[in-house]
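The block underneath contains the structure these notes are about, expressed in structure tokens.
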Amino acid sequence: MTQKPQHIVSIMDFQLTEHQSIFVQFNGYDAILEKKFTGEVKFLGGRPYGDIIHPERSSLSSACREYVRMVLLDKYERGEFR
């Protein structure tokens with residue numbers, strides 16, 4: 001039985017600005033499109049913003065886009081970007 005490829009997200013760096021926003025740089029792998037990617041999101045008021053997770057602007061598959069958003073939100077809520 002072969003194992004289904006899975007999406008991957010790895011945090012490369014993050015920075016807290018003086019305006020209380022957090023920029024997070026990451027890379028990963030979209031298992032559906034079978035391609036690597038890099039991206040950045042900005043957290044404002046606990047919400048992530050960025051083209052890579054935007055439904056109409058992302059180059060990722062919809063499943064990978066949602067996975068990336070979920071992973072980033074989980075890490076943010078656990079305080080990993082502070």
Side-chain angles (χ1 to χ4, degrees):
M1 184 174 190
T2 59
Q3 187 174 359
K4 183 178 173 182
Q6 296 188 5
H7 304 301
I8 299 170
V9 177
S10 299
I11 305 305
M12 296 177 351
D13 197 10
F14 64 90
Q15 181 177 8
L16 178 63
T17 70
E18 61 188 56
H19 304 292
Q20 301 306 309
S21 59
I22 302 171
F23 288 88
V24 181
Q25 294 177 332
F26 52 92
N27 61 22
Y29 179 75
D30 186 325
I32 293 174
L33 298 179
E34 299 180 340
K35 72 174 195 175
K36 295 178 181 180
F37 63 85
T38 60
E40 180 177 83
V41 297
K42 176 167 87 171
F43 278 91
L44 283 173
R47 296 186 58 178
Y49 296 91
D51 285 351
I52 195 140
I53 59 168
H54 190 281
E56 296 170 8
R57 295 187 197 124
S58 181
S59 60
L60 303 176
S61 66
S62 60
C64 185
R65 179 179 46 79
E66 280 301 312
Y67 178 78
V68 169
R69 188 175 184 282
M70 184 179 64
V71 167
L72 293 174
L73 273 171
D74 182 59
K75 289 181 177 296
Y76 177 87
E77 290 170 359
R78 286 193 277 140
E80 292 187 25
F81 302 139
R82 297 191 179 173

Item to complete: Starting at OH of Tyr67, measure out to CD1 of Ile8 and round the result to the nearest 0.5 Å.
Response: 8.0 Å

What pairs of donor and acceptor atoms, side-chain ones from residues 30-39 against any protein atom, are under 3.5 angstrom apart with sequence neighbours left out?
unit_1: Asp30; atom_1: OD1; unit_2: Ile32; atom_2: N; d: 3.0
unit_1: Asp30; atom_1: OD1; unit_2: Leu33; atom_2: N; d: 3.1
unit_1: Asp30; atom_1: OD1; unit_2: Ser61; atom_2: OG; d: 3.0
unit_1: Asp30; atom_1: OD2; unit_2: Ser61; atom_2: N; d: 2.7
unit_1: Asp30; atom_1: OD2; unit_2: Ser61; atom_2: OG; d: 3.1

Practice prompt. Find out if a path of hydrophobic residues (ILVMFWY) with successive side-chain heavy-atom gaps under 4.5 Å connects Val71 to Phe81.
Written response: yes

Response to the item:
Contacts satisfying salt bridge (Lys or Arg N to Asp or Glu O under 4.0 Å) that involve residues 63-80 (not counting sequence neighbours) are Asp74-Arg78, Lys75-Glu80, Arg78-Glu80

Worksheet item: Are Val9 and Phe14 connected, step by step, through hydrophobic side chains (Ile, Leu, Val, Met, Phe, Trp, Tyr) whose heavy atoms are closer than 4.5 Å?
Response: yes

Using residues 41-53 as the side-chain source, report each donor-acceptor pair under 3.5 Å to any protein atom, sequence neighbours left out, with the distance given to one decimal.
unit_1: Asp51; atom_1: OD1; unit_2: Arg57; atom_2: NH1; d: 3.4

Item to complete: Taking side chain to side chain donor-acceptor pair (under 3.5 Å) as the test, write out the residues that go with Tyr76, two or more places apart.
Response: Arg82

Worksheet item: Mind checking whether Val68 and Phe26 have side chains closer than 4.5 Å, heavy atoms only?
Response: yes

Can you give me every donor-acceptor pair (side chain of residues 18-25, partner residue at least two apart or in another chain, under 3.5 Å) with its distance?
unit_1: Ser21; atom_1: OG; unit_2: Thr17; atom_2: OG1; d: 2.8
unit_1: Gln25; atom_1: NE2; unit_2: Glu40; atom_2: OE2; d: 3.4

